[in-house]
Amino acid sequence: MAHIYPSLISAPPLKLQATITSLEPYCSGFHLDVMDFHFVQNLTWGPAVINAIRQATSHNIWVHLMVDDPQKYMSVLELTTRDILSVHLEAISSPEIIATIKNKGWRASVAINPETPLEALEPYFSLVDDILIMSVRPGFSGQSFIPHTLDKLKELKKIQDAEKYTFTISMDGGINLSNIATVINNGATNIALGSALFNGDPVKNIQKILGVL
Ligand code: DX5
Ligand code: ZN
């Protein structure tokens, strides 16, 4: 079963609570992009806002750290045991950080950029709860889905099936009404959706998207 996570970077910033409340009936949780102006050329929320959003919903939170020093951010986040924390492979130096995330009781996810080959993930396959395949270059919502990332998804699914790995597969970036079914049919279960929901009425948009799944 697929899980839809509205990406709140695209939501009106002064209406976060109302947005969360209106989308809760239709989604599994909320995706929070954390950017530091170093790892990517954009800046979003700090820990105070993230921890407040955590308190604002009974749904899961999926924090996507696009920062140079994920460890530092992790130490100030107050998540719960069903929440997901994605750290970028390009920002970490060794698999030890996975144990740190798991010791906090959170679901440990490793994200990879479109240019990073799957082979780089090998040391992580048996350790993580989730792998996030980025389908755009991280930094901004509203970009187009990069087609070769679909091949990467298919390849990862093959590896997962062959080796019986237990991680889930997530995808984030450029997913919309016309490609979401393909992404899900090829093995992604956690889907972040930004502009596809927030360009226009998010409730109508999410209802339409659920209608094609
Ligand atoms: C990109 C972010 C995505 C983004 C999704 O850096 O990680 O979560 O907000 O937005 P869309 O769906 O518009 O690509
Ligand atoms: Zn994201």
Side-chain angles (χ1 to χ4, degrees), residues 5 7-10 31-47 50 61-77 79 83-104 106-160 163 165 167-175 183 186-195:
Y5 286 77
S7 181
L8 294 181
I9 187 179
S10 305
H31 181 92
L32 302 181
D33 288 319
V34 182
M35 306 180 183
D36 65 351
F37 253 142
H38 290 275
F39 185 74
V40 292
Q41 286 312 300
N42 201 353
L43 182 71
T44 57
W45 311 293
I50 293 166
I61 294 297
W62 172 10
V63 177
H64 178 189
L65 292 182
M66 286 160 276
V67 300
D68 273 350
D69 188 349
Q71 201 99 33
K72 202 186 216 169
Y73 281 75
M74 279 162 51
S75 63
V76 289
L77 293 180
L79 305 181
D83 295 332
I84 308 174
L85 186 83
S86 294
V87 291
H88 266 265
L89 186 65
E90 299 83 3
I92 59 180
S93 49
S94 75
E96 268 106 70
I97 193 165
I98 302 304
T100 313
I101 300 172
K102 286 183 154 181
N103 285 341
K104 285 176 173 283
W106 308 338
R107 286 153 71 193
S109 166
V110 172
I112 51 167
N113 284 342
E115 295 78 16
T116 306
L118 276 184
E119 295 75 61
L121 275 177
E122 262 161 29
Y124 294 83
F125 284 150
S126 58
L127 304 176
V128 295
D129 299 306
D130 178 78
I131 290 177
L132 166 57
I133 297 186
M134 288 304 296
S135 35
V136 297
R137 287 188 190 90
F140 298 90
S141 61
Q143 304 180 73
S144 299
F145 187 92
I146 298 175
H148 75 77
T149 62
L150 187 62
D151 300 329
K152 220 169 172 182
L153 170 64
K154 290 177 184 170
E155 189 55 35
L156 181 61
K157 181 73 183 133
K158 241 194 244 166
I159 296 170
Q160 187 196 41
E163 303 295 330
Y165 289 124
F167 55 75
T168 53
I169 304 177
S170 302
M171 214 154 185
D172 178 19
I175 302 174
V183 162
N186 282 289
T189 52
N190 300 315
I191 312 292
L193 291 175
S195 46

Exercise. With no hydrogens and no angle check, do the side chains of S7 and D33 hold a donor and an acceptor under 3.5 Å apart?
Worked result: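 Yes.
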For this session: Examine the side chains of S10 and S141 and answer whether a donor and an acceptor come within less than 3.5 Å of each other.
Result: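 On atom types as modelled, these side chains qualify, holding a pair under 3.5 Å.
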Problem set entry | Sidechain-backbone polar pair: S135 side chain, G173 backbone, donor-acceptor under 3.5 Å |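 Such a contact is found between S135 side chain and G173 backbone.
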Exercise. Hey, does the side chain of D172 reach the backbone of M134 with a donor-acceptor pair shorter than 3.5 angstrom?
Worked result: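 Judged by distance alone, no pair lies under 3.5 Å.
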Exercise. Which residues pass the ring pair (Phe, Tyr, Trp, His ring centres under 6.0 Å) test with Y73, sequence neighbours left out?
Worked result: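 In terms of ring pair (Phe, Tyr, Trp, His ring centres under 6.0 Å), with neighbours along the sequence ignored, Y73 is linked to no residue.
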Measuring only between side-chain heavy atoms, which start at C-beta, is [X] closer than 4.5 Å to [Y]?
{"X": "Q41", "Y": "M35", "value": "no"}
{"X": "I98", "Y": "V110", "value": "yes"}
{"X": "F125", "Y": "L156", "value": "yes"}
{"X": "Y165", "Y": "V128", "value": "no"}
{"X": "H88", "Y": "L65", "value": "no"}
{"X": "T44", "Y": "M66", "value": "no"}

What distance separates [X] [atom1] from [Y] [atom2], expressed to the nearest 0.5 Å?
{"X": "I169", "Y": "K157", "atom1": "CD1", "atom2": "NZ", "value": "5.5 Å"}
{"X": "I92", "Y": "Y124", "atom1": "CD1", "atom2": "OH", "value": "3.5 Å"}
{"X": "I61", "Y": "L8", "atom1": "CD1", "atom2": "CG", "value": "7.5 Å"}
{"X": "D68", "Y": "F37", "atom1": "CG", "atom2": "CZ", "value": "13.5 Å"}

Where [X] and [Y] come nearest, the two heavy atoms and their spacing:
{"X": "W62", "Y": "M171", "value": "CH2-O, 4.3 Å"}
{"X": "H64", "Y": "A111", "value": "NE2-CB, 4.3 Å"}
{"X": "M74", "Y": "W106", "value": "O-CH2, 3.6 Å"}

Can you give me every donor-acceptor pair (side chain of residues 143-155, partner residue at least two apart or in another chain, under 3.5 Å) with its distance?
unit_1, atom_1, unit_2, atom_2, d
Q143, NE2, R137, O, 2.7
Q143, NE2, F140, O, 2.9
T149, OG1, I146, O, 2.6
K152, NZ, N113, O, 2.8
K152, NZ, P114, O, 3.0
K152, NZ, T116, O, 2.7

